[in-house]
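Below, chains carry the letters A, B, ... as their sequence lines are ordered, and counting in each starts from 1.
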Number of protein chains: 4
Amino acid sequence: MFKIGIIGGTGYTGAELLRILANHPQAEVTIISSRAECGKSVAEIYPNLRGSYNLSFSVPTVDELALCDLVFFATPHGVAMNQAPELLARGVKVIDLGADFRIKDTDEWAKWYGMQHSALAEVSEAVYGLPEINREKIRQARLVANPGCYPTAAQLGLIPLITNNIIDPSDLIIDAKSGVSGAGRGANVPMLLCESSENFKSYGVAGHRHLPEIVQGLEQHTSAKIGLTFVPHLVPMIRGMQATMYGTILDKTVDIQALFEDYYKDEFFVDVMPEGSLPETRSVKGANFCRISVFRPQDGNKVVVLSVIDNLAKGASTQAIQNMNIMLGLEEALGLTALGMMP
Amino acid sequence: MFKIGIIGGTGYTGAELLRILANHPQAEVTIISSRAECGKSVAEIYPNLRGSYNLSFSVPTVDELALCDLVFFATPHGVAMNQAPELLARGVKVIDLGADFRIKDTDEWAKWYGMQHSALAEVSEAVYGLPEINREKIRQARLVANPGCYPTAAQLGLIPLITNNIIDPSDLIIDAKSGVSGAGRGANVPMLLCESSENFKSYGVAGHRHLPEIVQGLEQHTSAKIGLTFVPHLVPMIRGMQATMYGTILDKTVDIQALFEDYYKDEFFVDVMPEGSLPETRSVKGANFCRISVFRPQDGNKVVVLSVIDNLAKGASTQAIQNMNIMLGLEEALGLTALGMMP
Amino acid sequence: MFKIGIIGGTGYTGAELLRILANHPQAEVTIISSRAECGKSVAEIYPNLRGSYNLSFSVPTVDELALCDLVFFATPHGVAMNQAPELLARGVKVIDLGADFRIKDTDEWAKWYGMQHSALAEVSEAVYGLPEINREKIRQARLVANPGCYPTAAQLGLIPLITNNIIDPSDLIIDAKSGVSGAGRGANVPMLLCESSENFKSYGVAGHRHLPEIVQGLEQHTSAKIGLTFVPHLVPMIRGMQATMYGTILDKTVDIQALFEDYYKDEFFVDVMPEGSLPETRSVKGANFCRISVFRPQDGNKVVVLSVIDNLAKGASTQAIQNMNIMLGLEEALGLTALGMMP
Amino acid sequence: MFKIGIIGGTGYTGAELLRILANHPQAEVTIISSRAECGKSVAEIYPNLRGSYNLSFSVPTVDELALCDLVFFATPHGVAMNQAPELLARGVKVIDLGADFRIKDTDEWAKWYGMQHSALAEVSEAVYGLPEINREKIRQARLVANPGCYPTAAQLGLIPLITNNIIDPSDLIIDAKSGVSGAGRGANVPMLLCESSENFKSYGVAGHRHLPEIVQGLEQHTSAKIGLTFVPHLVPMIRGMQATMYGTILDKTVDIQALFEDYYKDEFFVDVMPEGSLPETRSVKGANFCRISVFRPQDGNKVVVLSVIDNLAKGASTQAIQNMNIMLGLEEALGLTALGMMP
């Protein structure tokens, strides 16, 4: 049984880690930190966990955390970069669900996240935790930067096209839609049910922090410059995310459906839907799957890729556990076989 | 008091006509037809109308309908083209909320709607009922084709750019999102709450009937060929629609915000939002307004236009009443000043 | 045109007052106060009001407020009792949408609201603003205590039975359900969409502030002691409220349906549904109506009364405007004829 | 590996059986029947199951079904009573998720279900599948009648009080609320998102089929006659059910909290919440748990019991699997340890 710590357990990604790990056969959460809820039991904050955890929130010392085999950071940006290095030095593996280690260019990171980076060596060392792309590197990693939700949906949908030079990398459009849980559990007015249900809107049109992460990810797969317009939207639902992506086709002779099916033929968690069918976010609700469909409307020069995930699952916590399984030498799908909850 | 008839009053657009006209100071609904509910009172089907209507659903004769000043068709396609000509011949003005008179090219219409057109002269005569674009023609019209919901949101957002040659008309992307009421009141499984709430998905990616309508509308404003990729999505909410539109800028020196503000400066029902602000569908819930924002992310070569309406209101029934007001010589906003319901 | 002031305009009841009064033919909002949003335009906080108000939030002086004919307090408890007396002294009529003047027994009030009352004379003078019960007193009133949402739904459903001695007043159960907007626009975690949608729960079971208000209201209609168990619940929707009420029948020979129909036969805003039919909250969404059904299941000794309102409308702001119309000598339904929004 | 058949696999309870059994370590679904979808793959109807089932819907013969160890009927009433006897005769264990074997009095059953019963001997033999009450009988049973959703929530909340003579059995009120999935996957207008979201209403007030089932269940625990008023309501959410129950206390000296804690102290799936805390339906979303709180408001003579379950889980399919585990001699919680999905 591996000992697992979670830093920042009161947000939604922390709660989702707890929910899934409660039934993981090889991992046991032994520490869960929260400054705000210190001393309260996990079950008090998350009644769905009653009976499964005797754990209380604490503010653990490094010595206590060092007893863990692996620690998740489910924290706002800026926390992991300060605390992870010490844990790594003590031999603890680290997965950061936040943004601290995702962007290799720390000047770019500083621009988007509004602070200087304090762990340059670790940024450099960190492996970007998209298992379908980086599995072998993750296996060797001490520190994994778990991808953002939009970047997960977007890269899984675009990389097969970019890497095979099917579309023009300088003319990409990602129109993305997320359930409200992506905004976290903070008490802010726009996320009240009365403000966000029965409503639809864009946000971050002028610039969203996941833009540079997606660009960096795509640049690994082409020598050309990435030109990307990225517009996220808020959907009145708790969980679920779709990226609708538009690319200009360079080679119209390619069978794009076959290309995707082949690209992901060995991937348990990426499901290329049959030609003509449409993915729905609910088909992955609470599950670690990504479902993808591809279209070429009116046989024109645009390809449309639809990629759906659960933003809290494959877009955050279950992907983090997938990375944990790989890093700990466990079967990759261990504890992650729950299916999307329909209805 | 003008006498108004409604053909097909049991669907959502019929219900919305009834709800708004109940408080219209110059129009009275005297006939409401329904084959399926014939004999039942309006209040039985729509309890929100209890106390406001003594009317029952009927299957009226042409003679009865001919007593009306104006008749709305709130029917599936194929109905109005068979019944409207006779009413026009009897001197009744007609507004079709369906698709029968929207597309001038009846071969194209036949292709998308799966039947031959039976009223070619009337198609030719019909005025496309987008008041902000066609106000003077509507004033003279006997027969108005009320626009589709997506085409309303899309054209109001793109015409200022197309008509001023700001963007490349051959490379347009409309990523559109609609509340579930757009699918109507038919009993079909995918529109059950259990199937469509807590869910997001695309539909009609391979081809949607509003595509040719949008293309036809835009072609009025440019000599170039329109190239359009149109992908609609279903949002888990009752009402509301957003079109997120992407165009490639031809002239980067233009102040797009000023251009929109100027284009719509005299339009009561089209609201260009202040620079940097984002429209929300709920701000127009139940109201006849369209709110529009424009962005040029990262000062790049793409313009992003966000256009929101209530699909049942400005996207259907209140726009039809706006057309009615114009056709009957009434003040255009009469009975239409209700504001969006927030929260 | 009467001049209207609103104290506390940024909450949901204030917003609803603004939305409805925008189309009122005899009332104009001239002052809207908010300490937190002072200086911001109304349209910035409530984009649905764009184009209808040029007003900005301010912190008005008493002299400024004294220019109003009538002032609404849409504030948390404790505010109106401090500010209303001065306005009354200056000849301004006052309607308090909060709880300050609802409970005649100020010791009881102090117990439930956690503070001492500071305006005992005004409590004594205040008329409880349930027009269907107190219309004539409201007509003479300078100060009206607008009822709470639960008390409105509950009293309209129970008074016909209590006043006619049909049920045992010592054995009443009110199982009430409210949309989330009843909790207001404050930023608190339990009202986030992610916390309150796809969820149902009771709250305030041990004791809710509307309990003494309901008891006081019912006691006006019987000499017996009221025994009431009141359990409110939170429904995952924005607007709407139902009180399901259970009473033990004393006289089984009475035709309860006829009794209700007769009791409310002259009331425009209270709709007794036909026997066997069920009210739905959406039938009054955004409207000032209350719909009531009565049942005697299995011809047993229990009567079940179902009473639905929109908690923000008849349960708060439109009822306040109904009171305003009466106090200002206007037609009672002026500006209040909007019908429930369905769908 | 036990071989499992499911009759009627296209409804929500069938889908939920499939979703949970996909990860059950000792049970494998080998047959899934549907007349309407015969020949289609399970994954086509339920995309969340893609990759987990190769099965297609079929219309199996009795010989084929007889190869199963256990067959679930997830069918409308009237189906199981015709088909189950033959399977039992072939040695197949049967669990009926429908209503055919729940009511021992077949005349009463005929009255509520509108048809004559055709399997009287089996009704007599059938064990009512509420494991917390009937565990030992279920262990011996060939045929289990899986309880209805409301009866599950209601009985788990009332039996501790009834069996200990704490409340008056002749004066019970159950005000129950269910998510929309309780209405099934049939295409009917009232269950459309546009009809049932942003809405709350009662239904079945005059008489609901679960009433006699609850009465029968409670009568097992008292010699007195049960007097019950039962009013169900529809909540605008997919899953979740709460029964709010009111009883008149006979003995005010009893510590009701302690009584419940003691009654369920050995039950893994029934969680008595700490005093003063409130259960939420989302805490059991997708999970086999029932959470219960008890209150005595204002120290009066009424006890209020709040009982929440997921209507499709503990209220149907996971309870059926709990019964299956018991009948097959497996650990009772096998495959059922998933926790409620929050958020």
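The most heavy-atom pairs under 4.5 Å with chain C, out of E280(B), M273(B), R291(B), E198(B), come from R291(B). Between chain C and the options A338(B), P47(B), S181(B), P343(B), heavy-atom pairs under 4.5 Å are most frequent for P343(B). Counting heavy-atom pairs under 4.5 Å between each of A22(C), A15(C), G340(C), G51(C) and chain B puts G340(C) at the top. When the candidates L49(C), N23(C), V284(C) are compared by the number of heavy-atom contacts under 4.5 Å with chain B, N23(C) comes out ahead.
Within the 4.5 angstrom heavy-atom criterion, no atom of R185(B) approaches chain C. Using a 4.5 Å cut-off between heavy atoms, P279(C) does not touch chain B at all. Only the side chain of L312(C) comes within less than 4.5 Å of a heavy atom of chain B; its backbone N, CA, C and O stay farther away. Proximity to chain C is absent for every atom of E44(B), based on heavy atoms less than 4.5 angstrom apart. Interface residue T337(B): backbone and side-chain heavy atoms are both found under 4.5 Å from chain C. With a 4.5 angstrom heavy-atom cutoff, R239(B) touches chain C only via side-chain atoms. With a threshold of 4.5 angstrom between heavy atoms, L339(B) approaches chain C through its backbone and through its side chain.
You'll find the side chain of M342(C) stays beyond 4.5 Å of the side chain of E16(B), heavy atoms only. Within the 4.5 Å cutoff, the side chain of S277(C) has no heavy atoms near those of the R50(B) side chain.
The distance from the CG atom of N48(B) to the CZ atom of R282(C) is 8.0 Å, given to the nearest 0.5 Å.
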